Amino acid sequence: MALKDWLWVLALGIGWGASFIFNAVLLREMGPLSVSCLRIALGAVTCWGWVFARGIEIPWRPVLAGQMLFLGVANYAIPFAIYPLAQTYVTSGVAGIVNAMMPIMVVIVSHFWPGGEKATRARSLGIGFGFAGIIVLTLPALRAGAGNEVWAILFMLLAPICYAVAMNYLRRFRGIDPAVIAAMALTAGALAIAPVMLAVEGLPRIATPEGWASLFAIGVALTGFSFIVMYALAGRVGATNASTVTFIAPVSAVLLGNLLLGDPIQPAHLAGMALIFCGLLAIDGRLLARHGLV
C-alpha cells in the first residue's frame, strides 16, 4: 500500500478505537439505545450529504427497502446498541478488544453461508486463537466473581456476529455505490431502533459540551465519514489490506481508555488482545504464507 493509504488505515483504526471512549462519555448523559440511535441517525445524514453533493445515482426498487432494513438492523442498529449496553459493565478497552473478533466471526459465518468462503486450516487456527483470547479476557471477572462483566463480554460477541452476517449479505448489492448502501442502511437502522429507544428511554437529552462533542465525533466523523473512507479504501487497496484497521482499533481503545478515562489495563487484557491478534494473523494468511507455513 502507498503511504497515503497506510495513513488512512491508521486514522480509521485510531478513530474506531476512540468510538468506545465516546460511547463511555455519552453513557453519562443518556441510555445506550439513545447513543445507538443518535449515532446511526447522524451517520445517515452525513452519508446522504455526501451522496447528494457528489450527484451519485440512487437506485430504487421495492425489494431494496426490505433488504436495506435487514442490513441496517444487522450492521448498525443491533451492534451499535450492544456495545453501549455492555459498556455499562466493562471498560472501553475490553469492548474494543472484543470488537476485533469481527474478522474471526466473518470466517465462521462465511463457512456456512450459501456460496461463502470455506474455512481453511489456517483460518480454523485463527478461530481457535480468537476464542482463546475471549476466554482469557473473562478470567479476571470470573476470579472476582463479577458475573455481570463476564456476561457483558459474552453478550458483546453478538455484535461481531451481526457484522459477519452483514458482510456476507452485502455481496448481493454489487453495482450500487457503497456510499448509497451506507446511507440507505444507516437510515433504515435509525428508523428501526428509534421506536425502541423512545419506548424504553424516552427522548434523549445532552446537557454538556463534552456530550455534544462526543455525539458529533461518533456520529459524523466515526460513522458517516469513516464508512465512506473505508469503502473507498477497500476499493483501492483491497478488503484484506483495508481490514488491517482491525489490528489498530483495539490498541487505540485500550490506550485511550487508560489515558482519558483512567480505565485500568490488566495483564489479561493484553494477553487476550495478543491471542486475538494471533488469530487475525492466521486468518489474514500473508505472514504464514511468507514463511511457508500454509
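Not measured: the values here are computed from a predicted model.
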**Message:** Could you walk me through whether Ile153 and Val90 satisfy the side chain to side chain contact (heavy atoms under 4.5 Å, CB included) test, starting with their C-alpha distance in whole Å, then the side-chain angles of each, then the deciding distance to 0.1 Å, before giving a yes or no?
**Reply:** CA-CA 8 Å; Ile153 292 172; Val90 300; 4.1 Å; yes
**Message:** Are Phe131 and Met101 packed together at the side-chain level, in the sense that at least one heavy-atom pair is separated by less than 4.5 angstrom?
**Reply:** yes
**Complete:** Nearest heavy-atom approach of Gly224 to Cys47 is O-SG, 3.7 Å
**Donor-acceptor pair, side chain of Glu29 and main chain of Ala207, under 3.5 angstrom** = yes
**Message:** For a quick test of reading the model, state the closest non-hydrogen atom pair linking Ala159 to Ile82 and the distance between them.
**Reply:** N-CD1, 3.7 Å
**Message:** If you define the side chain from C-beta out and look only at heavy atoms, does anything of Phe20 sit under 4.5 Å from Asp263?
**Reply:** no
**Request:** To the nearest 0.5 Å, tell me how far Glu57 CD sits from Asp177 CG.
**Result:** 10.0 Å
**Item:** Pairwise side-chain contact, Ile218 with Leu42, heavy-atom cut-off 4.5 Å (strictly under)
**Value:** no
**Request:** Search all heavy atoms of Gly17 against all heavy atoms of Ser252 and return the closest pair with its distance.
**Result:** CA-OG, 3.7 Å
**Item:** Distance, nearest 0.5 Å, that separates OG1 of Thr223 from CD1 of Ile228
**Value:** 11.0 Å
**Message:** Working to the nearest 0.5 angstrom, can you tell me the gap between Ile193 CD1 and Leu198 CG?
**Reply:** 10.5 Å
**Item:** Side-chain donor/acceptor of Ser19 to backbone N/O of Trp16, under 3.5 Å
**Value:** yes
**Message:** Any non-hydrogen side-chain atom of Pro204 less than 4.5 Å from a side-chain atom of Leu38?
**Reply:** yes
**Item:** Check against side chain to side chain contact (heavy atoms under 4.5 Å, CB included), Ile276 and Ile134
**Value:** CA-CA 8 Å; Ile276 292 173; Ile134 293 297; 4.3 Å; yes
**Request:** Determine the minimum heavy-atom distance between Ile97 and His269, stating which atoms define it.
**Result:** CD1-O, 3.6 Å
**Item:** Pair Tyr83, Asn99: side-chain N/O donor-acceptor within cut-off below 3.5 Å
**Value:** yes
**Check against side chain to side chain contact (heavy atoms under 4.5 Å, CB included), Ile176 and Leu64** = CA-CA 11 Å; Ile176 303 177; Leu64 196 59; 4.2 Å; yes
**Request:** Would you indicate whether Phe277, at its atom CZ, is surrounded by more than 12 heavy atoms from other residues, nucleotides or ligands within a distance under 6.0 Å?
**Result:** yes
**Request:** With rounding to the nearest 0.5 Å, note down the distance linking CG in Leu26 to OG1 in Thr208.
**Result:** 8.5 Å
**Prompt:** Linking I/L/V/M/F/W/Y whenever any side-chain heavy atoms sit under 4.5 Å apart, do Ile14 and Leu260 land together?
**Reply:** no
**Asked** side-chain contact (heavy atoms from CB on, under 4.5 Å) with Phe155: which of Val98, Leu85, Val150?
**Response** Leu85
**Item:** Chi angles and distances behind the side chain to side chain contact (heavy atoms under 4.5 Å, CB included) call for Trp113, Val165
**Value:** CA-CA 9 Å; Trp113 195 272; Val165 170; 4.0 Å; yes
**Request:** Indicate the ring-plane relationship of Tyr169 and Phe70, choosing parallel, tilted or perpendicular according to the 30° and 60° boundaries.
**Result:** tilted
**Complete:** Ser92 and Leu261 have their tightest heavy-atom pair at OG-CD1, 4.0 Å
**Message:** Just so I know, are the side chains of Phe173 and Gln67 near enough to count as touching, which here means a heavy-atom distance under 4.5 Å?
**Reply:** yes
**Item:** Common cluster, Phe227/Phe52, ILVMFWY with side-chain heavy-atom separation under 4.5 Å
**Value:** yes
**Message:** If you count heavy atoms of other groups shown closer than 6.0 angstrom to NZ of Lys118, is the number above 12?
**Reply:** yes
**Request:** Could you tell me whether the side chain of Met68 reaches within less than 4.5 Å of the side chain of Thr187, counting heavy atoms only?
**Result:** no
**Complete:** Rounded to the nearest 0.5 angstrom, the OG-CZ distance for Ser34 and Arg205 is 10.0 Å
**Prompt:** How long is the span from the CG atom in Leu170 to the CE atom in Met167, to the nearest 0.5 Å?
**Reply:** 6.5 Å
**Request:** Would you indicate whether Trp48, at its atom CH2, is surrounded by more than 12 heavy atoms from other residues, nucleotides or ligands within a distance under 6.0 Å?
**Result:** yes
**Prompt:** Taking all non-hydrogen atoms of both residues, which atom of Met102 and which atom of Tyr163 are closest, and how far apart?
**Reply:** CG-CB, 3.5 Å
**Prompt:** Would you find a donor on one side and an acceptor on the other, under 3.5 Å apart, between the side chain of Gln87 and the backbone of Asn23?
**Reply:** no
